[in-house]
2 protein chains.
Amino acid sequence: MKEKATSFDIAYMAGVSQSTVSRALRDSPQVNKETREKVQAIARQLNYKVDKNASNLRKQRSSTLALLLFEDPTTDESLINPFFLSMLGSITRACAKSGQDLLVSFQQLSDDWHADYEDSKKADGIILLGYGDYVDYEEKLAKLLAQQTHFVCWGADVLGHPEFTIRSNNWQGGYLAGEHLINTGHRNFAFIGNASEGSPEFSARYQGFIDALVKAGIDATQIPHFDAISTESAGDLATEQLLVSKQAVDAIFCASDLIAIGVIRCLKRRGIRVPEEIAVMGFDDIPAASFASPGLSTIQQDTSKAGELLVNNLLKLINNQPITDTLIEPKLVIRQSCGAAVGDSDAN
Amino acid sequence: MKEKATSFDIAYMAGVSQSTVSRALRDSPQVNKETREKVQAIARQLNYKVDKNASNLRKQRSSTLALLLFEDPTTDESLINPFFLSMLGSITRACAKSGQDLLVSFQQLSDDWHADYEDSKKADGIILLGYGDYVDYEEKLAKLLAQQTHFVCWGADVLGHPEFTIRSNNWQGGYLAGEHLINTGHRNFAFIGNASEGSPEFSARYQGFIDALVKAGIDATQIPHFDAISTESAGDLATEQLLVSKQAVDAIFCASDLIAIGVIRCLKRRGIRVPEEIAVMGFDDIPAASFASPGLSTIQQDTSKAGELLVNNLLKLINNQPITDTLIEPKLVIRQSCGAAVGDSDAN
DNA sequence: CTGAAAGCGCTTACAG
DNA sequence: CTGAAAGCGCTTACAG
């Protein structure tokens, strides 16, 4: 029993041809019920499993999706952004649900990954996940496009192919954040996070935020803005800069929860009370947001839906089906870091 | 250029046989340098990639490892234990380093996963990761054993095959925790976490802890002990029970960080100051441990080393090499949740 | 409903 | 150093 059984072994035992075994195992309706059951029984008994390599080779299909996670090279080697970790979880679940296997790989932006997975037939398509400066991506995405690789990505713009991108309605999220900060009685705002063109997601959050302020009649031309990549320490550092600048601020909207946690840490260290003196609002709703003290009010991105959309849309791409749904609506999550609402209402 | 090139296309273009192409592409030394370079140049130009399905089928090797993550069915669907998430990260990295692909899958303990990945030739071996009640595993592990599947697992005992398991020295970790709690001036201890035989890891931590107390001359027969699975809410609940029991306690050792975070939350809600009135010690050193307030002192498990060991040992198993190294030494991480050390020393 | 045959794209003895 | 050939274990027209 050391040797694995093949479909020929089963055919021999069942007294049928190997092609019939193959059909029976795939529940083909053109196989006699009796024959099918006999074959399947023997297969079970022999603990037979179809050789994926052989069947993939023959079918020219792998039923496998590849997930490429880009790490911001600036962050700590060992830490993965918790938001992506949670995406990973939902993608894995979505794959299982659609009968796909999932190949996972981390990549530095510098790696030469383009066109590896699908070209080597290891996967039928690729899911790209990554924060950071999207400008660096463009070249790689263009190559994938040129090679007609099937792929979808989170957040990043694919020129000429908006349907390849799945993302949260970041503008809407920023808007909700602005509203909440206003509803909790704040008037002097700051924004922490990169809002350059290299960070389209953060920019959209910023814009939504500003638009909410403007809508409320606040002069948004003077909002202090400090850059930070999505890490605790960047948020901490940016807050130091903000404090040094001596601007009157009673509320900070952060482009991500990780930044917000760093902001809170800095504020606490400086003896500034959150939310009494300065309110802090995050974005993402990572698990740590609820562990933070005070609990971080934030904008939740529905990672579970995101994972499903990523997987399902990629599958549609592979099967030449049209893609329609690519936007995910964010949700306001109110905890303690922005203080009590004065006439606030939960979105949705 | 829609059709993918095969080794025959390259052979034709290079004016050599297909076998020579195959050899040249794998840097075989028996191929003339000139020929090899010509072939490789053409392959690059055509963006050729070896078809993994074909080569795996022929070689009967997939260069792929499968990671099976068991979820405790009792915990929230959408959340994965952050400790395992960090393991996932280091395993992925270790795989990349050894040129292996990684197939990731979540499993409920109830799923019928045994023998799927290797039998279907999708992976050469399996890495099992999971907390929870190991008694439930036994049957499955026995089956894997019977089918001669290559596998390693984290923490769980494999009867008769200790070399299949990689784990932290949990006893040592518990001992370090006990020492630290004593060194920070505490005398009345409690333990929160399952320490039954179904949780060998937690049990070992508990035992190390008790041994440290005994060593310090403390009567450890009366240590209150409350069960909790590894979640925040279980820790919170167990703390309520502890408080209701009215036992005099000034330090709680928790079997995991997640439990500890729940304990701290409960204590805070009850107006009990940490660490002034009750010190709290965790185990794992998940990212949230440093986000907690106060910062959680804990026992760090070296996930990066764990991931490497898991991957490397599995590879050894696959290649019939002996396995020697399976234990990982834990490390004390001092933050604020146990108060100031009076003559404490960092382990290692 | 079933079988014989071709072929997916490689790797690797075997022969030269 | 190179080539012709076999074969890994399937799936799927094709024929009956």
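Lettering of chains follows the sequences in order, A, B, ..., and the numbering in each one begins at 1. Side-chain atoms are counted along with the backbone in the values below, which use heavy atoms only and exclude waters and symmetry mates.
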Would you jot down, in residue-number order, the residues of residues 22-35 of chain A having a non-hydrogen atom under 4.0 Å from DNA chain D?
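Contacting residues: A:S22, A:R23, A:R26.
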Partners meeting side chain to side chain donor-acceptor pair (under 3.5 Å) with A:S62 (sequence neighbours left out):
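Side chain to side chain donor-acceptor pair (under 3.5 Å) check on A:S62 returns A:D124.
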Quickly work out the [X] [atom1] to [N] [atom2] distance and round it to whole Å.
X	N	atom1	atom2	value
B:R61	D:dG7	CZ	P	23 Å
B:R36	D:dG3	CZ	P	15 Å
B:L46	C:dG9	CG	C1'	15 Å
B:L57	D:dG7	CG	P	14 Å
B:K59	C:dG9	NZ	C1'	13 Å
B:N53	D:dC10	CG	C1'	11 Å
A:D51	C:dC8	CG	C1'	13 Å
B:K121	D:dG9	NZ	C1'	8 Å

Could you tell me whether the side chain of A:L103 reaches within less than 4.5 Å of the side chain of A:L65, counting heavy atoms only?
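No, too far: nothing below the 4.5 Å cut-off.
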Any side-chain heavy-atom pair from A:L46 and A:M13 closer than 4.5 angstrom?
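The answer is yes, as the side chains (C-beta and beyond) meet within the 4.5 Å cut-off.
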Residue-phosphate contact under 4.0 Å: [X] side-chain N/O, [N] OP1/OP2:
X	N	result
B:Y48	C:dC10	yes
B:Q60	D:dG9	yes
B:T20	D:dG3	yes

Atom of [X], atom of [Y] and distance for their closest heavy-atom approach:
X	Y	value
A:V31	A:R36	O-NH2, 3.5 Å
A:Y117	A:S105	OH-CB, 3.2 Å
B:D9	B:T6	OD2-N, 2.8 Å
A:Q100	A:L315	CD-CD1, 3.8 Å

Partner set under side chain to side chain contact (heavy atoms under 4.5 Å, CB included) for B:S7, not counting sequence neighbours
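Applying side chain to side chain contact (heavy atoms under 4.5 Å, CB included) to B:S7 gives B:Q18, B:V21, B:Y48.
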Report the distance from atom CG of A:L141 to atom SG of A:C153, rounding to the nearest 0.5 Å.
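Atom-to-atom, A:L141:CG and A:C153:SG are 5.5 Å apart.
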Considering the options A:K305, A:E201, A:Q301, which one meets the side-chain hydrogen bond (donor to acceptor under 3.5 Å, both in side chains) requirement together with A:S168?
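For A:S168, the side-chain hydrogen bond (donor to acceptor under 3.5 Å, both in side chains) check succeeds only for A:Q301.
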State the dot-bracket string of DNA chain C. Criteria: Watson-Crick or G-U wobble, both atom distances under 3.5 angstrom; notation: ( ) intrastrand, [ ] crossing earlier pairs, | interstrand, . unpaired.
|||.||||||||.|||
I need the residues from residues 8-19 of chain A with at least one non-hydrogen atom less than 4.0 Å from DNA chain C; give them sorted by number, or say none.
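Residues of residues 8-19 of chain A under 4.0 Å from DNA chain C: A:V16, A:S17, A:S19.
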Among all residues two or more places apart in sequence or in another chain, which pass the ring pair (Phe, Tyr, Trp, His ring centres under 6.0 Å) test with B:F151?
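With sequence neighbours excluded, B:F151 shows a ring pair (Phe, Tyr, Trp, His ring centres under 6.0 Å) to B:F164, given in chain and number order.
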